[in-house]
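For the single chain, residues carry numbers from 1 onward in sequence order.
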Amino acid sequence: MTSENSIVITRVFAASAERIFAAWTEPDLLKQWMGPGEVTVSIAEVDLTVGGSYTLVINDPKGATHIPSGTYEEIVPNEKFAFSWSWAGSDEVTQVPIELRKIDYNETELTLTHTGFAEAGVRYHHEEGWSGCLAKLPAVL
């Protein structure tokens with residue numbers, strides 16, 4: 001379900017909720033999958049506490065650097081977490097809650113919601129980006 005100012009993406013992964021949570025919250029794992037296609041993450045800083053911050057340094061194949069950062073707003077290990085999302089140089093701050101639902105021991109449903117977009121075009125680019133990131137996630141699970 002996607003609207004003009006939000007994205008909802010649901011995927012099922014052959015991995016435990018614990019492993020998926022770690023992939024989202026441990027810097028060394030984040031760097032292995034965050035970024036669609038050939039995009040890479042050279043720096044991932046994570047202070048995994050409510051009110052703690054994260055910063056990613058993302059590099060695209062054309063040599064451009066993009067830096068999203070935000071604050072963790074909710075953390076329930078292996079179940080759900082939420083954070084704000086803002087690109088360096090932008091005043092727009094959006095929200096990203098993630099929910100993990102155990103289907104069985106080694107299968108988990110992940111639901112990513114990203115809300116607060118001011119424009120449909122911006123939402124579209126984030127939807128493409130998140131879909132590309134999630135396509136790379138199984139490689140580290």
Side-chain angles (χ1 to χ4, degrees), residues 1-90 92-141:
M1 172 196 297
T2 298
S3 71
E4 186 166 319
N5 66 351
S6 67
I7 301 164
V8 178
I9 301 172
T10 301
R11 300 280 188 275
V12 174
F13 294 99
S16 68
E18 292 81 6
R19 184 67 182 158
I20 295 170
F21 185 80
W24 277 89
T25 59
E26 294 179 15
D28 289 342
L29 294 175
L30 259 174
K31 288 166 49 174
Q32 295 178 45
W33 69 272
M34 182 62 82
E38 295 180 32
V39 171
T40 61
V41 173
S42 57
I43 298 172
E45 298 173 348
V46 174
D47 175 6
L48 190 62
T49 58
V50 173
S53 64
Y54 72 89
T55 300
L56 304 174
V57 176
I58 300 174
N59 309 289
D60 72 28
K62 296 177 184 174
T65 299
H66 312 277
I67 303 174
S69 63
T71 302
Y72 291 101
E73 299 165 349
E74 178 180 26
I75 301 169
V76 180
N78 311 321
E79 292 181 23
K80 61 183 175 177
F81 53 101
F83 50 91
S84 60
W85 180 275
S86 182
W87 294 98
S90 172
E92 184 175 52
V93 178
T94 54
Q95 307 302 315
V96 184
I98 307 283
E99 294 184 17
L100 302 174
R101 185 179 66 83
K102 293 181 183 182
I103 295 172
D104 64 31
Y105 174 73
N106 201 39
E107 191 173 48
T108 304
E109 179 184 82
L110 178 147
T111 301
L112 178 151
T113 305
H114 195 156
T115 64
F117 297 106
E119 300 174 19
V122 174
R123 181 206 39 84
Y124 172 79
H125 288 295
H126 282 81
E127 184 171 20
E128 291 293 307
W130 284 123
S131 293
C133 290
L134 294 175
K136 290 170 55 176
L137 181 56
V140 301
L141 300 176

Name each donor-acceptor pair under 3.5 Å that joins a side chain in residues 132-141 to protein atoms two or more places apart or in another chain, with its distance.
unit_1: Lys136; atom_1: NZ; unit_2: Gly35; atom_2: O; d: 2.7
unit_1: Lys136; atom_1: NZ; unit_2: Gly37; atom_2: O; d: 3.1
unit_1: Lys136; atom_1: NZ; unit_2: Val39; atom_2: O; d: 3.0

For this session: For salt bridge (Lys or Arg N to Asp or Glu O under 4.0 Å), just list the numbers for Arg123 and Glu127, CA-CA rounded to whole Å, side-chain angles, deciding distance to a tenth of an Å, and then say yes or no.
Result: CA-CA 6 Å; Arg123 181 206 39 84; Glu127 184 171 20; 2.9 Å; yes

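- Taking all atoms of both residues into account, the shortest heavy-atom contact from Glu92 to Val122 is OE1-CG1, 3.8 Å.
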For this session: Apply ring-ring contact (aromatic ring centres under 6.0 Å, His included) to the pair Tyr54 and Tyr72, showing each step before the final yes or no.
Result: CA-CA 8 Å; Tyr54 72 89; Tyr72 291 101; 5.7 Å; yes

Distance-only criterion, 3.5 Å: show the donor-acceptor pairs between side-chain atoms of residues 22-32 and protein atoms not counting sequence neighbours.
unit_1: Thr25; atom_1: OG1; unit_2: Phe21; atom_2: O; d: 2.7
unit_1: Gln32; atom_1: NE2; unit_2: Asp28; atom_2: O; d: 3.2

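- Residue pairs that meet the salt bridge (Lys or Arg N to Asp or Glu O under 4.0 Å) test with at least one member in residues 54-78, sequence neighbours left out, are Glu74-Lys80.
- Checking side-chain atoms of Glu109 against main-chain N and O of Ile103 turns up no donor-acceptor pair under 3.5 Å.
- Residues Tyr124 and His126 have side chains not in contact (no heavy-atom distance under 4.5 Å, counting atoms from C-beta outward).
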Problem set entry | Asn59 and Ser42: CA distance, side-chain angles, deciding distance, side chain to side chain donor-acceptor pair (under 3.5 Å) verdict | CA-CA 7 Å; Asn59 309 289; Ser42 57; 3.0 Å; yes

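- Checked by atom type, the side-chain pair Ser53/Thr71 shows no donor-acceptor distance below 3.5 Å.
- Here the shortest heavy-atom pairing between Ser6 and Thr115 reads CB-CG2, 3.7 Å.
- Here the straight-line distance linking atom CD1 of Ile9 with atom OG1 of Thr113 works out to 9.0 Å at 0.5 Å rounding.
- At least one side-chain heavy atom of Lys102 sits less than 4.5 Å from a side-chain heavy atom of Glu18.
- Counting only heavy atoms from C-beta outward, the side chains of Thr94 and Ser84 never approach each other to under 4.5 Å.
- No side-chain heavy atom of Val57 sits under 4.5 Å from any side-chain heavy atom of Val41.
- Taking the six-membered ring for Trp and thresholds of 30 and 60 degrees, His114 and Phe117 have ring planes inclined between 30 and 60 degrees apart.
- Side-chain atoms of Ser69 do not come within 3.5 Å of backbone N or O of Thr55 as any donor-acceptor pair.
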